[in-house]
Visitor: 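Mind looking over this structure? Questions follow.
Numbers restart at 1 for each chain; the letters A, B, ... are given by sequence-line order, proteins then strands. These numbers come from the heavy atoms of this one structure, side chains and all, not from hydrogens, waters or symmetry mates.
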There are 2 protein chains.
Amino acid sequence: METNLLKNISVDCVIFGFDMESLNVLLVERTMNASQSNDTLFSDLTLTGHHIYENEDLDGAAKRIVNDLTGLKNLVLEQFYSFGELDRLQHPNDQLWIDQFEGALDKRVVSIGYYSLLPSLNVNIKQKGRVVKWYPVNEISELAYDHTFILEKAISHLRYKLRYEPIGFEMLPPKFTLSQMQKLYEAVLGVELDKRNFRKKVSQMTYVVPLNEKQKGVSHKPAQLFMFSRDVYEKTKTERYDFFV
Amino acid sequence: METNLLKNISVDCVIFGFDMESLNVLLVERTMNASQSNDTLFSDLTLTGHHIYENEDLDGAAKRIVNDLTGLKNLVLEQFYSFGELDRLQHPNDQLWIDQFEGALDKRVVSIGYYSLLPSLNVNIKQKGRVVKWYPVNEISELAYDHTFILEKAISHLRYKLRYEPIGFEMLPPKFTLSQMQKLYEAVLGVELDKRNFRKKVSQMTYVVPLNEKQKGVSHKPAQLFMFSRDVYEKTKTERYDFFV
DNA sequence: ACAAAAGTGTTCGATATACACCCATGA
DNA sequence: TCATGGGTGTATATCGAACACTTTTGT
């Protein structure tokens with residue numbers, strides 16, 4: 001069914017997850033050994049991406065890439081920016097890697113950036129011989145290729161969007177407490193929020209609906225559980241037309 | 001200096017302008033005549049775009065495309081979204097056009113969308129045998145290719161951004177009145193604003209600075225002139241970390 | 001009984017909204 | 001002197017920020 005890969009176009013996916021502590025990203029280890037001695041030449045981390053097929057659209061490619069890694073379907077995927085700098089794959093390490101493993105592909109590649117929000121950290125990552133792990137976004141240093149830049153763009157896009165729209169619930173369990181939701185907002189926005197003021201705001205979000213159910217098995221007062229209703233959100237949202245200073 | 005065109009990648013530019021009345025877009029007529037009879041087979045409108053060169057980055061390609069059409073350099077250019085639907089160039093008219101004028105290019109093209117804001121409508125458009133005109137965004141019906149979709153994305157991106165950041169001054173003359181600025185905001189946001197409340201907000205924008213100069217030659221009370229200082233803006237802006245319901 | 005997180009209200013200042021009249025100029 | 005758009009202030013309602021104690025559960 002799938003045909004040729006387009007050698008100049010790829011999709012890179014920034015896969016975000018939340019573990020009730022910090023905002024995390026899935027990264028793949030890229031380790032290159034010398035062909036004879038087997039010494040490690042370099043070892044670094046990349047986002048997950050792939051070239052697109054000729055008969056596949058961009059959203060489809062993003063879906064395929066995340067699905068190949070996590071086995072998940074129907075997840076939130078959003079395109080946020082495209083990257084086409086001339087030198088984006090020109091680091092010597094990148095060149096070595098590309099020559100060895102992707103020799104047929106072109107050195108000039110424009111990559112379309114997508115991000116995905118995962119339901120939780122309990123997903124089973126399909127490792128396929130590569131080491132894939134979650135890393136807290138605050139503890140990531142330099143990535144391979146231009147992936148540090150791509151990640152930064154993704155984070156600021158996510159942050160920007162969360163400020164005005166209810167995204168992010170996909171990183172919480174289907175039933176969540178308000179404290180969990182608050183921690184998510186704090187992790188994404190990188191700021192501490194006041195509990196009472198937070199709850200006052202949330203109580204105006206008609207699409208965050210209380211369930212007839214409480215937390216169980218916690219050694220403190222069990223919290224009320226809530227769910228996010230995209231349905232209610234879509235039906236009640238109104239366009240904002242004013243502007244802010 | 002420039003080398004090969006990448007056959008699978010193009011950049012499309014949405015060029016916005018403002019004439020103190022409405023928000024406008026530059027569109028190019030695409031008219032196809034039958035080879036013998038010279039009857040018009042179809043005639044419609046497109047945005048302006050072009051494939052990118054192998055040794056040119058995305059921003060550079062966008063700059064080149066707008067410069068070719070307007071002769072302007074150093075204008076605001078911002079990437080907003082990329083378009084890669086399989087059927088985006090599959091309308092029979094598009095196929096006819098591509099076969100005739102761009103035969104060497106591939107039928108599978110991913111296009112990176114940029115928008116540009118022009119200083120005014122007084123720019124000299126380089127016509128190059130094509131008919132290029134400004135059209136009020138509210139009066140545009142169907143465009144060629146997937147350009148209606150691209151335009152819609154561009155408008156909503158512009159609108160979204162104007163609500164939170166001072167962009168759009170590039171569509172005003174360097175010295176402008178508050179009424180002109182208000183009309184711009186109304187045209188972009190698609191809403192009427194209260195004059196006194198608008199001015200109250202603007203007076204908090206330290207980067208909109210009054211000049212020692214007034215309008216001349218108008219048959220009513222001459223208005224105070226203002227300028228936009230990006231410098232002041234960059235120095236005084238603070239990150240917002242809170243969120244809205 | 002203790003530890004741990006849940007849950008709750010008020011005050012104060014800032015900001016948004018609604019609204020109407022006089023002013024300076026050119027024709 | 002008239003037509004045209006420029007320029008201004010106040011009252012009211014709403015929203016954001018700061019802040020501390022009681023409740024419920026498991027151990």
Visitor: May I ask you to say whether B:Lys63 pairs ionically with B:Asp59, meaning some side-chain N is under 4.0 Å from a carboxylate O?
Guide: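 Salt bridge flag = no for B:Asp59 with B:Lys63.
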Visitor: Does the ring of A:Tyr145 carry A:Arg30 above it, NZ/CZ under 6.0 angstrom from centre and within 45° of its axis?
Guide: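 Yes, A:Arg30 sits over the ring of A:Tyr145.
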Visitor: Where do B:Tyr241 and A:Leu189 come nearest, in terms of heavy atoms and distance?
Guide: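 Scanning both residues, the minimum pair turns out to be CD2-O, 3.0 Å.
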Visitor: Any side-chain N or O of A:Ser219 less than 4.0 Å from the OP1 or OP2 oxygen of C:dA4?
Guide: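 Answer no for this pair, as no side-chain N or O of A:Ser219 is under 4.0 Å from OP1 or OP2.
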Visitor: Assess whether side-chain hydrogen bond (donor to acceptor under 3.5 Å, both in side chains) is satisfied between A:Asp44 and A:Thr46, documenting all intermediate values.
Guide: CA-CA 7 Å; A:Asp44 51 17; A:Thr46 72; over 6 Å; no
Visitor: If you check every side-chain atom of B:Lys221, which of C:dA6, D:dG6, D:dT25 has the closest atom?
Guide: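 So the side chain of B:Lys221 is nearest to D:dG6.
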Visitor: Measure the distance from CD on A:Gln180 to C1' on C:dA6 and round it to the nearest whole Å.
Guide: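 Rounded to the whole Å, the gap is 12 Å.
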Visitor: For the aromatic rings, using the six-membered ring if either is Trp, is the centroid distance between A:Phe228 and A:Phe226 under 6.0 Å?
Guide: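 Distance test on ring centres: not under 6.0 Å, no.
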Visitor: Distance check needed: C:dG7 C1' versus A:Leu178 CG, whole Å only.
Guide: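 Going from A:Leu178 (CG) to C:dG7 (C1'), I get 10 Å.
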Visitor: If you check the B:His220 side chain, which of D:dG5, C:dA5, D:dG7 turns out closest?
Guide: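 For B:His220, the side-chain atoms sit closest to D:dG5.
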Visitor: Can a salt bridge be assigned to the pair B:Glu170 and B:Arg230 using a cut-off of 4.0 Å between side-chain N and carboxylate O?
Guide: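 Salt bridge flag = yes for B:Arg230 with B:Glu170.
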Visitor: Taking all non-hydrogen atoms of both residues into account, name the closest pair between A:Glu165 and B:Tyr160 and its distance.
Guide: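 The answer is OE2-OH, 3.3 Å.
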Visitor: Ignoring hydrogens, what is the shortest heavy-atom contact between A:Met20 and A:Leu172? Give both atom names and the distance.
Guide: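 Shortest heavy-atom contact: CE-CD2, 4.2 Å.
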Visitor: Applying side-chain hydrogen bond (donor to acceptor under 3.5 Å, both in side chains), can you list everything that pairs with A:Asp194, at least two apart in sequence or on another chain?
Guide: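 Here the qualifying residues are A:Asn197.
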Visitor: Please assess A:Lys153 against A:Asp12 for the test salt bridge (Lys or Arg N to Asp or Glu O under 4.0 Å), listing each intermediate value before the final yes or no.
Guide: CA-CA 12 Å; A:Lys153 272 271 187 187; A:Asp12 280 313; over 6 Å; no
Visitor: For DNA chain C, which residues of residues 237-244 of chain B approach it to below 4.0 angstrom with any heavy atom?
Guide: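 Within this stretch, nothing sits under 4.0 Å of the strand.
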Visitor: Within residues 199-217 of chain A, find the residues that approach DNA chain C with a heavy atom at under 4.0 Å, and present them sorted by residue number.
Guide: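 Those residues are A:Arg199, A:Lys200.
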Visitor: Kindly write out the residues that satisfy salt bridge (Lys or Arg N to Asp or Glu O under 4.0 Å) with B:Asp57, not counting sequence neighbours, or none if the list is empty.
Guide: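 Once residues adjacent in sequence are excluded, B:Asp57 has no partner under the salt bridge (Lys or Arg N to Asp or Glu O under 4.0 Å) criterion.
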Visitor: For DNA chain C, determine which residues of residues 189-196 of chain B have any heavy atom closer than 4.0 angstrom to one of its atoms, and list them numerically.
Guide: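 Correct list: B:Asp194, B:Arg196.
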Visitor: Do the ring planes of B:Phe80 and B:His157 sit parallel (below 30°), tilted (30 to 60°) or perpendicular (above 60°)?
Guide: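 Rings of B:Phe80 and B:His157: tilted, as their planes differ by 30° to 60°.
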Visitor: Nearest-Å distance, CG (A:Asn197) to C1' (C:dT8)?
Guide: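 In whole Å, C:dT8 C1' lies 12 Å from A:Asn197 CG.
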Visitor: Could you state the atom-to-atom distance from CD of B:Gln224 to C1' of D:dG7 in whole Å?
Guide: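 Rounded to whole Å, this separation is 11 Å.
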Visitor: Run the ring-centre check on B:Tyr233 versus B:Phe169 and record whether the distance is less than 6.0 Å.
Guide: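 Centroid distance B:Tyr233-B:Phe169: not below 6.0 Å, so no.
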Visitor: Whole-Å distance between C:dA5 C1' and A:Leu225 CG?
Guide: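 From A:Leu225 CG to C:dA5 C1': 14 Å.
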Visitor: If I take atom CZ in residue B:Phe176 and atom P in nucleotide D:dG5, what distance separates them, rounded to the nearest angstrom?
Guide: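 Result: 20 Å.
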Visitor: Over all heavy atoms of both residues, which pair between B:Asp19 and B:Ser22 is shortest? Give the atoms and the distance, please.
Guide: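 Heavy atoms only, the tightest pair is OD1-N, 2.8 Å.
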Visitor: Within this structure, what is the CD-to-P distance between B:Gln182 and D:dG7, rounded to whole angstrom?
Guide: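 Value for this atom pair: 12 Å.
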Visitor: Runs of at least three consecutive Watson-Crick or G-U pairs, both distances under 3.5 Å, are what I'm after; which ones involve DNA chain D?
Guide: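 Consecutive-pair runs (3 or more) involving DNA chain D: C:1-27 with D:1-27.
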